[in-house]
K.L.:
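Would you mind keeping the following structure in view while I ask a few things?
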Amino acid sequence: MSISEAKYIWMDDELVEWSEAKVHVMTHALHYGTAVFEGIRGYWDEGVLKVFRLRDHIVRLFNSAKIFHMSIPYTQIQIEEAIVETIKANSIKENCYIRPIVYRGYGVVGLNPIKAPVKVAIAVFPFGKYLEEKGVKCCVSSWRRISIDSQPPAAKVCGNYVNSCLAKVEAVLNGFDEAIFLDSHGYVCEGTGENLFLVKDNVLSTPPTVSGILEGITRDTVMTIAKDLEFKVQERLIARSELYTCDEAFFTGTAAEITPIISIDNRIVGNGSPGPVTRKIRDQYFKVVLGKIDKYADWIVKV
Ligand SMILES: Cc1ncc(COP(=O)(O)O)c(C=O)c1O
């Protein structure tokens, strides 16, 4: 999807014109994928921008950086404040996406990046739907998800996303909307940028961390609200065949929100339209992100 430009990008404590937010071509991250990032949504509602689970995203950003020996030259609070500053500077008054990125900058070539500076940028820009709300057609990818013993999928590191790009392009070229990865042992893992849930007999199942997923903040939100709605939720290994026999399936993600899956490998899921459990969770999710349910109001930062 193309980018909707905003006015300013925050780069290392300065607001820079969007068109001037540049890096040198010898930036380490450009060559070796040595950057970690987040994707956060802000919802424009009742005259304010409601940013969802900002603190949790920043905690994950710092954890991703820690895994890659990157010491971020700001505190978590400073990064949160910089995000708020960037939203205000851009006078964002519509649903938006917030993209902080921490990257190894210019200074060294080669595979030891420790001496390359750690730089930070934050972009905020208008953003609509990422996947089709009515439901998506999926395939199981011929590419396996990177395994937990080769690159940590739990880190949201740029280098991990070449694996996602391979699977996404393959799926689209073959006429599907999205791919589902299996892990290195052949169990169901996740989408290219989403976590996955199956529903069978009103029980929700989602792959565990050991399957090599990114531990999604939307996944955690869904597990919390589903339990509060008195659904049973299981984190467990899932066999490929369960994809074909479940009653419902859906993706979760900050960009994807709750996206129903209507077919997998040309087998119709349920009756081919979003099922009742998916719809109930999705309705609740959209109330939660807008702060309409007191119990989860702490998840929202109003700007
Ligand atoms: C590979 C991958 N899995 C899952 C997710 C969902 O994570 P979240 O719900 O925190 O956006 C994302 C999106 O960030 C992702 O890139």
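Below, all heavy atoms of this structure are taken into account, side chains as well, without hydrogens, waters or symmetry copies. Small disclaimer: the values here were computed from a predicted structure and weren't measured. One-based numbering, in listed order, for ligands and for the atoms of each.
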K.L.:
Using a strict cut-off of 4.0 Å, indicate which atoms of ligand 1 neighbour a heavy atom of G253.
P.N.:
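Listed by number with element: 6 (C), 9 (O), 11 (O).
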K.L.:
Which of the atoms of ligand 1 are close to T254, meaning less than 4.0 Å from one of its heavy atoms?
P.N.:
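Per the distance check, 8 (P), 9 (O), 10 (O), 11 (O).
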K.L.:
Per the side chain to side chain contact (heavy atoms under 4.5 Å, CB included) rule, which among N202, I225, V222 passes with F231?
P.N.:
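Running side chain to side chain contact (heavy atoms under 4.5 Å, CB included) over N202, I225, V222 with F231 returns exactly one hit, N202.
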K.L.:
For Y43 and N95, which heavy atoms make the closest approach, and how far apart are they?
P.N.:
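Here Y43 and N95 meet closest at CA-OD1, 3.4 Å.
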K.L.:
So, N163 versus R145: side-chain donor-acceptor pair below 3.5 Å or not?
P.N.:
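Per modelled atom types, N163 and R145 side chains form a pair under 3.5 Å.
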K.L.:
When you measure from atom 3 (N) of ligand 1 to every protein heavy atom, which one gives the shortest distance, and what is it?
P.N.:
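Protein heavy atom at minimum distance: E190 OE1, 2.7 Å.
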K.L.:
Could you walk me through whether S211 and V188 pass side-chain contact (heavy atoms from CB on, under 4.5 Å), step by step?
P.N.:
CA-CA 8 Å; S211 280; V188 174; over 6 Å; no
K.L.:
Among all protein heavy atoms in this structure, tell me which lies nearest to atom 9 (O) of ligand 1, with the distance rounded to 0.1 Å.
P.N.:
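Protein heavy atom at minimum distance: T218 OG1, 2.6 Å.
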K.L.:
Considering the options V59, I83, I98, I300, which one meets the side chain to side chain contact (heavy atoms under 4.5 Å, CB included) requirement together with L54?
P.N.:
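Per the side chain to side chain contact (heavy atoms under 4.5 Å, CB included) rule, the option paired with L54 is I83, out of V59, I83, I98, I300.
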K.L.:
Taking both backbone and side-chain atoms of G191, is any N or O found less than 3.5 Å from an N or O belonging to ligand 1?
P.N.:
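N/O-N/O distance under 3.5 Å: no.
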K.L.:
Please set out all donor-acceptor pairs under 3.5 angstrom arising from side-chain atoms of residues 108-129, sequence neighbours excluded.
P.N.:
| residue | atom | partner | partner atom | Å |
| --- | --- | --- | --- | --- |
| N112 | OD1 | I114 | N | 3.0 |
| K129 | NZ | E257 | OE1 | 2.7 |

K.L.:
Applying a heavy-atom cut-off of 4.0 Å, say which part of R60 lies close to ligand 1: side chain, backbone, both or neither.
P.N.:
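The part of R60 near ligand 1 is the side chain, not the backbone.
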K.L.:
Find all atoms of ligand 1 within a distance of less than 4.0 Å from any non-hydrogen atom belonging to G216, and give their numbers and elements.
P.N.:
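Near G216, the atoms of ligand 1 are 7 (O), 8 (P), 9 (O), 10 (O).
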K.L.:
Looking only at protein heavy atoms, which one is nearest to atom 16 (O) of ligand 1, and how far off is it?
P.N.:
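Scanning the protein heavy atoms, the shortest distance from atom 16 (O) of ligand 1 goes to Y161 OH, 2.4 Å.
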K.L.:
Are K156 and ligand 1 in contact, using a heavy-atom cut-off of under 4.0 Å?
P.N.:
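Contact present.
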K.L.:
Test of understanding: given a 4.0 Å heavy-atom threshold, classify the contact between I213 and ligand 1 as side chain, backbone, both, or neither.
P.N.:
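Near ligand 1, I213 shows nothing, with every heavy atom at 4.0 Å or more.
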K.L.:
For atom 5 (C) of ligand 1, what's the nearest protein heavy atom and its distance?
P.N.:
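Here the nearest protein heavy atom works out to G193 O, 3.6 Å.
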K.L.:
Before you tell me yes or no, could you show the steps for Y130 and F251 under ring pair (Phe, Tyr, Trp, His ring centres under 6.0 Å), namely the whole-Å CA-CA distance, both residues' side-chain angles and the distance that decides it to 0.1 Å?
P.N.:
CA-CA 12 Å; Y130 177 65; F251 284 127; 9.8 Å; no
K.L.:
Could you tell me which atoms of ligand 1, counted from 1 in the order shown, lie closer than 4.0 angstrom to a heavy atom of R145?
P.N.:
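With R145 as reference, the close atoms of ligand 1 come out as 1 (C).
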K.L.:
Sub-3.5 Å donor-acceptor pair from the side chain of N195 to the main-chain atoms of L214, do we have one?
P.N.:
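Pair found, side chain donor or acceptor close to backbone of L214.
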K.L.:
For ligand 1, which atoms, with element, lie under 4.0 Å from some heavy atom of T192?
P.N.:
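The atoms of ligand 1 under 4.0 Å from a heavy atom of T192 are 1 (C).
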K.L.:
Among all protein heavy atoms in this structure, tell me which lies nearest to atom 6 (C) of ligand 1, with the distance rounded to 0.1 Å.
P.N.:
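Closest protein heavy atom to atom 6 (C) of ligand 1: N195 OD1, 3.6 Å.
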K.L.:
Under 4.0 Å, heavy-atom basis, I'd like to know which part of R53 is in contact with ligand 1: side chain, backbone, both or neither.
P.N.:
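For R53, no heavy atom sits under 4.0 Å from ligand 1.
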K.L.:
How far apart are the C-alpha atoms of E38 and K156, what are their side-chain angles, what is the distance that settles it, and do they pass the salt bridge (charged side-chain N to carboxylate O under 4.0 Å, His left out) test?
P.N.:
CA-CA 7 Å; E38 275 301 316; K156 203 166 163 60; 5.9 Å; no
K.L.:
Side chains of residues 133-141: which donor-acceptor partners sit under 3.5 Å, not counting sequence neighbours?
P.N.:
| residue | atom | partner | partner atom | Å |
| --- | --- | --- | --- | --- |
| S141 | OG | W143 | N | 2.9 |
| S141 | OG | W143 | O | 3.4 |
| S141 | OG | E170 | OE1 | 3.3 |

